[in-house]
Amino acid sequence: MGNTEELEKLLADYPAEARVFCALEPKRDGTSRPIIKPNKPLNQWLKRMKRALYRQRRDWPTFIHGGVKKRSYVSFARPHANKNTVITIDIKDCFGSITQSEVQQALVSKLGLPDGLASRLAAKLCYKRRIPQGFATSSYLTNLYLNDTLLKINRQLKRKQIDMTVYVDDIALSGQKVDSAVIINLVTLELSRARLAISKAKVKVMRSHSPQIICGLVVNKGVALSRQKRKEIFSDIANGRMSETSLQGWLANLNMIDRRLMNKLQTYATQKGLVVVSAKRGGLAA
């Protein structure tokens with residue numbers, strides 16, 4: 001297993017001035033979601049811890065794409081291109097449904113950490129005994145907790161010739177011959193055994209005669225950015241809502257699917273005062 005000494009050292013370096021505050025993050029549908037924001041010292045520590053945790057494990061299943069190096073929204077969507085049926089499922093309140101105790105158990109079972117270390121680590125990486133929306137480490141912990149459940153789901157889907165990819169709390173499924181009700185029920189049942197539920201209102205079953213969209217990417221024929229997502233990205237830049245990290249992620253994604261649009265976005269962002277570096281393959285879009 002990994003180097004526990006590095007994790008122990010980081011725990012010893014936990015900033016005494018660490019603080020969090022609760023905020024409401026606006027969503028595009030007009031609603032908002034609660035988010036736990038760490039202050040600067042804590043955020044820097046969480047980023048260091050995230051890097052250390054990823055060094056503990058590198059063998060992520062091929063269907064997990066969120067928060068994994070060299071995987072992105074594009075790699076998440078690409079396996080579903082040119083399929084008769086595409087289904088997208090959202091795990092309801094995914095972070096907030098995973099408890100500190102479950103995080104501790106996952107750190108022990110998946111990383112082989114000693115109970116004591118796993119307990120102290122889980123306590124620092126959770127807020128009010130749940131995985132917080134807003135910590136740099138939260139996607140990693142969610143991937144870790146979901147790992148075994150997703151493996152079970154994937155094995156069952158493979159027998160039905162259904163492809164699955166996962167981006168943290170978003171699940172995409174596709175196939176040429178799909179009984180959507182059976183597939184959705186299968187996923188729902190296995191998630192319920194992990195004490196998780198799906199957002200029924202967000203389940204989408206998309207046939208090939210209509211737009212099949214995954215995280216703003218159209219997959220009917222290859223992978224392309226949807227018109228709506230394109231408008232959102234340029235609007236976010238124009239209105240100062242696009243972080244430089246998120247911009248780099250989208251540039252990296254577009255580098256793989258639409259270099260002409262990537263160059264246009266790069267030029268526009270530079271005109272708006274954002275710092276742009278050369279796009280690299282495999283970046284993550286936030």
Can a donor-acceptor pair be found between the side chains of [X] and [Y] at a distance below 3.5 Å?
| X | Y | value |
| --- | --- | --- |
| Asn143 | Arg57 | no |
| Ser235 | Asn239 | yes |
| Thr267 | Gln271 | no |
| His65 | Ser75 | yes |

Shortest non-hydrogen contact between [X] and [Y], atoms and distance:
| X | Y | result |
| --- | --- | --- |
| Gln212 | Arg207 | NE2-C, 3.4 Å |
| Pro38 | Gly134 | CD-O, 3.7 Å |
| Ala18 | Leu42 | CB-CB, 3.9 Å |
| Glu244 | Leu274 | CG-CD2, 3.7 Å |
| Ala118 | Leu113 | CB-CB, 4.3 Å |
| Val168 | Ser139 | CG2-OG, 3.7 Å |

task: Take Arg71 and Thr62 through the side chain to side chain donor-acceptor pair (under 3.5 Å) test and state the conclusion after the steps.
output: CA-CA 9 Å; Arg71 302 183 196 178; Thr62 56; over 6 Å; no

Would a single hydrophobic cluster contain both [Y] and [X], if residues Ile, Leu, Val, Met, Phe, Trp and Tyr are joined by side-chain heavy-atom contacts under 4.5 Å?
| X | Y | value |
| --- | --- | --- |
| Val178 | Leu189 | no |
| Ile35 | Leu141 | no |
| Val203 | Leu191 | yes |
| Val108 | Leu11 | no |
| Ile184 | Leu186 | yes |

From [X] [atom1] over to [Y] [atom2], what is the distance, rounded to the nearest 0.5 angstrom?
| X | Y | atom1 | atom2 | value |
| --- | --- | --- | --- | --- |
| Trp250 | Glu232 | CH2 | CD | 9.0 Å |
| Ile198 | Asp169 | CD1 | CG | 13.0 Å |
| Gln161 | Asp163 | CD | CG | 9.5 Å |
| Thr137 | Lys50 | OG1 | NZ | 9.0 Å |
| Asn39 | Glu17 | CG | CD | 7.0 Å |
| Leu146 | Ile98 | CG | CD1 | 5.0 Å |

So does [Y] get a backbone contact from the side chain of [X], meaning a donor-acceptor N/O pair under 3.5 Å?
| X | Y | value |
| --- | --- | --- |
| Ser138 | Pro132 | yes |
| Lys83 | Pro79 | yes |
| Gln176 | Asn84 | yes |
| Gln104 | Ala122 | no |
| Asn263 | Arg259 | yes |

task: Evaluate the criterion side-chain contact (heavy atoms from CB on, under 4.5 Å) for residue pair Leu217 and Lys229; output intermediate values, then yes/no.
output: CA-CA 8 Å; Leu217 298 171; Lys229 180 55 71 173; over 6 Å; no

Please tell me if the side chains of [X] and [Y] come closer than 4.5 Å, counting only heavy atoms from C-beta onward.
| X | Y | result |
| --- | --- | --- |
| Thr165 | Ile214 | no |
| Leu121 | Leu107 | yes |
| Lys221 | Asn82 | yes |
| Val166 | Asn154 | no |
| His80 | Met206 | no |
| Arg159 | Gln156 | yes |

- request: Please work out whether the ring planes of Tyr14 and Trp45 are parallel, tilted or perpendicular, with thresholds of 30° and 60°.
  value: perpendicular

- request: Check the pair Met262 / Asp258 against side-chain contact (heavy atoms from CB on, under 4.5 Å), numbers first and verdict last.
  value: CA-CA 6 Å; Met262 179 197 73; Asp258 191 337; over 6 Å; no

Pairs where [range] contributes a residue and the test ring-ring contact (aromatic ring centres under 6.0 Å, His included) is met, not counting sequence neighbours:
| range | answer |
| --- | --- |
| residues 210-238 | Phe234-Tyr268 |
| residues 98-151 | Tyr54-Tyr140, Trp60-Tyr140 |
| residues 183-205 | none |

query: Taking 4.0 angstrom as the limit, do Arg193 and Glu190 come out as a salt bridge?
result: yes

Listed pairs under 3.5 Å, donor-acceptor, residues 86-94 side chains, sequence neighbours left out:
unit_1 : atom_1 : unit_2 : atom_2 : d
Asp90  : OD2    : Ser199 : OG     : 3.2

message: Between Met256 and Asn253, does the side-chain contact (heavy atoms from CB on, under 4.5 Å) criterion hold? Intermediate values first, please.
response: CA-CA 6 Å; Met256 293 183 277; Asn253 288 334; 3.9 Å; yes

Val218: which of Val223, Leu225, Ile213 passes side-chain contact (heavy atoms from CB on, under 4.5 Å): Ile213

Result of checking Gln56, Arg55, Arg48 against Glu6 for side chain to side chain donor-acceptor pair (under 3.5 Å): Arg55

Residue list, ring pair (Phe, Tyr, Trp, His ring centres under 6.0 Å) with Phe95, at least two apart or on another chain: none

- request: Could you walk me through whether Gln266 and Leu247 pass the side-chain contact (heavy atoms from CB on, under 4.5 Å) test, one step at a time?
  value: CA-CA 9 Å; Gln266 201 166 24; Leu247 171 63; over 6 Å; no

query: According to the salt bridge (Lys or Arg N to Asp or Glu O under 4.0 Å) rule, which pairs have a member within residues 127-151, sequence neighbours left out?
result: Lys110-Asp148

